[in-house]
Amino acid sequence: MIILIGGTKGGTGKTTIATHLAIMRAAEGKDLLLVDADDQETASDFSLLRNENMDGSAGFTCVKLTGKAVRTEVNRQIDKYDDIVI
């Protein structure tokens, strides 16, 4: 399943929702890819900290993608993950 948390207005909690959803779905046993498509890279930073604090296992994979690469790479990963959160 691909889940997009998106919008153009800043400060609405998109990254917070996406990262919490990633953690919840991974805790349910889903092989999950979190795509950080925001220039601020907050989800990527969060994932790095989570890896450091959890002995290298955030529980999900996080990648940073922007522009057309988001669609291209997500389409390439559809069959490799149970869920993709963008």
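The structure displayed is predicted, hence computed values, not measured ones.
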For [X], what residues pass the side-chain hydrogen bond (donor to acceptor under 3.5 Å, both in side chains) criterion, not counting sequence neighbours?
{"X": "S47", "value": "none"}
{"X": "T66", "value": "none"}
{"X": "K30", "value": "none"}

Can you name the residues that form a side-chain contact (heavy atoms from CB on, under 4.5 Å) with [X], not counting sequence neighbours?
{"X": "I23", "value": "F46, R50, F60"}
{"X": "I3", "value": "M1, I5, L21, V85"}
{"X": "A43", "value": "T15, T19, L34, D36"}
{"X": "T12", "value": "K9, K14"}

Apply the hydrophobic cluster definition, ILVMFWY joined by side-chain contacts under 4.5 Å directly or through others, and give me every member besides I2.
L4, L33, V35, V63, L65, V70, V74, I78, Y81, I84, I86

Note: with side-chain heavy atoms under 4.5 Å as the link, the other cluster members for M24 come out as none

By salt bridge (Lys or Arg N to Asp or Glu O under 4.0 Å), which residues pair with D83, not counting sequence neighbours?
R25

Those residues at least two apart in sequence (or on a different chain) that pass salt bridge (Lys or Arg N to Asp or Glu O under 4.0 Å) with E41 are none

Taking atom CD as the centre, does Q40 end up with more than 12 heavy-atom neighbours from other residues, nucleotides or ligands that are less than 6.0 angstrom away?
no

Name all pairs fulfilling the salt bridge (charged side-chain N to carboxylate O under 4.0 Å, His left out) condition that reach into residues 68-80, sequence neighbours left out, sorted by first residue then second.
E73-R76

Rounded to the nearest 0.5 Å, the OG atom of S44 sits from the CG atom of D38 at a distance of 9.0 Å

